[in-house]
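Residue numbers run from 1 in the order of the sequence given. Note that the coordinates shown come from a computational prediction; the quantities given were computed from them, not determined experimentally.
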Amino acid sequence: SAAAPLPEEDCMRLNPSFLGIALSSLLAIDLWASKRLGVCAGEGSAWGSARPLMKVIEVSGHGIPWLLGTFYGLCQSDSSAAREVLLNLLFALLLDLVLVAVVKGLVKRRRPTHNKMDMFVTISVDKYSFPSGHATRAALVCRFVLHHLVLAVPLRVLVVLWALIVGISRVMLGRHNVTDVLFGLLLGYALYSVVEYCWLSPLSAPALFALW
């Protein structure tokens with residue numbers, strides 16, 4: 001007797017689309033590369049001795065030091081121009097936190113299996129890894145500083161290097177996959193354009209500036 005035809009959904013599984021194959025391959029490469037590059041994921045890893053340094057870099061890109069430092073500078077500043085820049089930096093940092101939390105909650109990609117959950121000051125959404133909040137913040141702050149602070153060329157190079165090192169350290173510590181960091185850097189870079197478009201000034205937001 002003739003064999004019964006396969007259900008349509010089984011046929012689809014047996015004949016995956018080119019896009020499905022490409023995405024699966026990309027995911028596999030991402031996981032493989034992330035695990036190979038997680039050389040500081042633990043004390044017993046290949047570069048385990050550099051883990052304390054990587055954790056210092058991790059803190060340098062964390063949201064809490066940036067928020068507290070920006071708020072303190074805003075309260076201490078006696079220049080209207082400086083207050084405008086710092087207020088917009090505070091707005092950018094808060095916008096970054098909200099956007100990253102929303103995307104993480106929607107995507108819900110788990111952190112790499114080789115990650116140790118010993119991160120500095122985490123919240124519930126930090127159990128997810130896509131995108132890297134450190135990477136978005138580093139790219140956002142880097143672009144903000146380069147546009148609004150007058151710095152010598154060596155300092156400008158150091159700011160860019162810092163942003164790149166923060167992103168790389170996320171993979172080396174095993175906190176994120178490569179694609180988490182790459183998307184985070186792109187998101188942070190684009191987010192600065194949103195901040196510029198919504199720039200807060202004494203004319204557009206007089207109530208905020210009246211507080212200081």
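By the rule that hydrophobic residues join a cluster once side-chain heavy atoms approach within less than 4.5 Å of another member, V157 and I57 end up as members of separate clusters. L74 and W199 fall within the same hydrophobic cluster, where Ile, Leu, Val, Met, Phe, Trp and Tyr residues are linked whenever their side-chain heavy atoms come under 4.5 Å apart, directly or through other members. Criterion: ILVMFWY side-chain heavy atoms under 4.5 Å apart, direct or through other members. Under it, V194 and V102 are not part of a common hydrophobic cluster. Linking Ile, Leu, Val, Met, Phe, Trp and Tyr residues whenever their side-chain heavy atoms come within less than 4.5 Å places F71 and L94 in a single cluster.
Shortest non-hydrogen contact noted between C142 and A163 is CB-CB, 3.9 Å. Across all their heavy atoms, L187 and P131 have their closest contact at CD2-CG, 4.1 Å. For the pair L185 and A135, the tightest heavy-atom approach, listed with the atom from each and the gap, is CD2-O, 3.5 Å. K116 and A41 get closest at one heavy-atom pair: CD-O, 3.4 Å.
Counting heavy atoms from C-beta outward, L67 and L97 have side chains that approach closer than 4.5 Å. Looking at heavy atoms from C-beta onward, L158 lies in side-chain contact with L155 at the 4.5 angstrom threshold. Using a 4.5 Å cut-off on side-chain heavy atoms (C-beta onward), S129 and R110 make no contact. Looking at V160 and L146, their side chains come closer than 4.5 Å, going by heavy atoms from C-beta outward.
Applying the salt bridge (Lys or Arg N to Asp or Glu O under 4.0 Å) rule to D118 yields the partners R51, K55, R175; only residues at least two apart in sequence or on another chain are considered.
The existence of a salt bridge linking D180 and R170 is excluded, since no basic side-chain nitrogen approaches an acidic carboxylate oxygen closer than 4.0 Å.
With rounding to the nearest 0.5 Å, the separation of NE2 in H134 from CD in E58 is 5.0 Å. To the nearest 0.5 angstrom, L93 atom CG is 11.0 Å from F91 atom CZ. Once rounded to the nearest 0.5 Å, the distance linking CG of L149 with CZ of F144 reads 8.0 Å. A distance of 11.5 Å separates CG in N115 from OG in S34, rounded to the nearest 0.5 Å. L191 CG to R137 CZ: the interatomic distance, rounded to the nearest 0.5 Å, is 11.0 Å. To the nearest 0.5 angstrom, H176 atom NE2 is 14.5 Å from L37 atom CG.
Heavy atoms of other residues, nucleotides or ligands lying less than 6.0 angstrom from CH2 of W47 number 12 at most. Summarising the local packing, NZ of K108 is surrounded by 12 or fewer heavy atoms from other residues, nucleotides or ligands at distances under 6.0 Å.
Ring planes of W66 and W162: tilted class, angle from 30 to 60°.
No donor-acceptor pair under 3.5 Å is formed between the side chain of S24 and the backbone N or O of I21. With hydrogens and angles ignored, the 3.5 Å screen pairs a side-chain donor or acceptor of N88 with a backbone N or O of E84. A donor-acceptor pair is defined here as one N or O able to donate and one able to accept, closer than 3.5 Å; such a pair exists between the side chain of T136 and the backbone of G133.
No option in D30, I29, L27 other than D30 meets the side chain to side chain contact (heavy atoms under 4.5 Å, CB included) test with T179.
Sorted by first and then second residue, the side chain to side chain donor-acceptor pair (under 3.5 Å) pairs with a member in residues 182-192 read H148-Y192, Y192-E196; sequence neighbours excluded.
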